[in-house]
Amino acid sequence: FTNLIKFVAGSTDEAFVANAENYFDVQSVIDFNIFARIFCIVDNLCRNQIFFTYDGVKWYEGCWDVDGALGQPPSTKRGFRPYDTEFQTGYIAYEDNGITNLLYERVETLFMDRFKARYWELRSGVLSIENILDVYERLTDVITTYDGLLAEDYASTTGGGNFTEIPFVSENNIQQIRAFVSQRIPYMDEVIENMTT
């Protein structure tokens with residue numbers, strides 16, 4: 001993994017484009033970046049990331065720690081900017097507005113055509129507003145249909161009742177998700193459309 005970090009931080013642009021696939025799966029990084037931007041998972045753009053490998057050489061990005069998503073700030077809230085709109089324009093997480101992720105910056109810039117094409121491909125299907133809301137509404141139906149499921153999940157995720165101060169319980173609901181997604185996605189469409197090197 002140290003080799004990956006050194007490559008991202010120290011390679012020339014030409015070497016990055018030519019050799020990226022030797023260090024990480026470009027598609028997985030593009031896909032996760034799009035996922036993090038759409039759902040506004042600010043935590044994962046700067047510090048909370050997870051990568052997997054099959055051979056100890058090439059790395060694939062995965063999903064981990066998504067407590068700050070869909071318009072809700074990370075539960076810690078330490079050092080994070082206040083959201084500037086209800087659907088969080090921008091995606092820089094820290095107050096200094098500095099670069100939050102050099103890997104994403106380089107992939108977005110040096111693979112921009114591929115990044116944009118993948119964004120629009122996903123937006124036309126799995127990341128359409130209608131599809132995202134359908135998934136959340138079906139999940140909500142499952143939770144409310146099966147009596148005791150919510151209480152069972154709450155018990156299992158609070159460490160046997162030891163960690164019960166779950167933040168944003170009243171704010172996290174299907175109405176909030178509908179409002180966030182319906183505003184966030186058109187904003188992100190504009191961001192991606194206007195993205196230039």
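Model, not experiment: these values are computed from the prediction.
- A 4.5 Å side-chain heavy-atom check between Glu61 and Asp31 finds every atom pair outside the cut-off.
- From Leu103, atom CG reaches atom CD of Gln49 across 7.0 Å, with rounding to the nearest 0.5 Å.
- Looking at heavy atoms from C-beta onward, Phe111 lies in side-chain contact with Phe16 at the 4.5 angstrom threshold.
- In this structure, Phe51 and Ser28 have side chains that are not in contact, with every pair of non-hydrogen atoms separated by 4.5 Å or more.
- Here the side chains of Asp134 and Glu130 are not in contact, with every heavy-atom distance at 4.5 Å or above.
- With hydrophobic clusters built from ILVMFWY side chains whose heavy atoms lie under 4.5 angstrom apart, Val29 does not share a cluster with Val57.
- Residues Phe24 and Tyr60 place their aromatic rings such that the two centres sit no closer than 6.0 Å.
- Minimum heavy-atom separation, Leu102 to Val8: CD2-O, 3.8 Å.
- In this structure, CG in Asn33 is found 12.5 Å from CZ in Arg118, a value given to the nearest 0.5 Å.
- Under a 3.5 Å cut-off, the side chain of Thr109 and the backbone N or O of Arg106 do not form any donor-acceptor pair.
- Tested against Leu127 for a side chain to side chain contact (heavy atoms under 4.5 Å, CB included), the candidates Val181, Ile34, Ile185 yield a single pass: Ile34.
- Aromatic rings of Tyr23 and Phe7 (six-membered ring for Trp) have centroids within the 6.0 Å cut-off, being under it.
- From Cys63, atom SG reaches atom CD1 of Ile50 across 9.5 Å, with rounding to the nearest 0.5 Å.
- Between Arg178 and Glu137 a salt bridge is recorded (basic side-chain N to carboxylate O distance below 4.0 Å).
- To the nearest 0.5 Å, the span separating OH on Tyr54 from CH2 on Trp59 amounts to 12.0 Å.
- Although no hydrogens or angles enter the test, the distance criterion places no donor-acceptor pair under 3.5 Å between the side chain of Asn19 and the main chain of Asn22.
- Between the Thr53 side chain and the Lys58 main chain, a donor and an acceptor come within less than 3.5 Å of each other.
- The shortest side-chain heavy-atom distance between Glu193 and Lys116 does not fall under the 4.5 Å cut-off.
- Interatomic distance, CD1 of Ile129 versus CZ of Arg184, reported as 12.5 Å (0.5 Å rounding).
- A distance of 10.5 Å separates CG in Leu122 from OG in Ser128, rounded to the nearest 0.5 Å.
- A donor-acceptor pair is defined here as one N or O able to donate and one able to accept, closer than 3.5 Å; no such pair exists between the side chain of Lys6 and the backbone of Phe1.
- Linking Ile, Leu, Val, Met, Phe, Trp and Tyr residues whenever their side-chain heavy atoms come within less than 4.5 Å leaves Ile174 and Val135 in two separate clusters.
- Salt-bridge check for Glu108 with Arg114: failed, with every basic side-chain N at 4.0 Å or more from each acidic carboxylate O.
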inquiry  = Arg37 vs Ile192, test: side chain to side chain contact (heavy atoms under 4.5 Å, CB included). Steps then yes/no.
reply    = CA-CA 10 Å; Arg37 280 173 167 259; Ile192 300 301; 4.2 Å; yes
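- Under the 4.5 Å side-chain contact rule for hydrophobic residues, Ile132 and Val191 share a cluster.
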Test side-chain hydrogen bond (donor to acceptor under 3.5 Å, both in side chains) applied to Thr196 and Asn194, step by step = CA-CA 6 Å; Thr196 64; Asn194 295 324; over 6 Å; no
query = Could you go step by step and tell me if Tyr119 and Met188 meet the side chain to side chain contact (heavy atoms under 4.5 Å, CB included) rule?
reply = CA-CA 10 Å; Tyr119 178 86; Met188 279 310 310; 3.4 Å; yes
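- Although no hydrogens or angles enter the test, the distance criterion places no donor-acceptor pair under 3.5 Å between the side chain of Glu190 and the main chain of Pro186.
- Residues Phe180 and Cys40 come closest through the heavy atom pair CZ-CB, 3.6 Å.
- Checked against the 6.0 Å centroid threshold, Phe35 and Phe39 count as a close aromatic pair.
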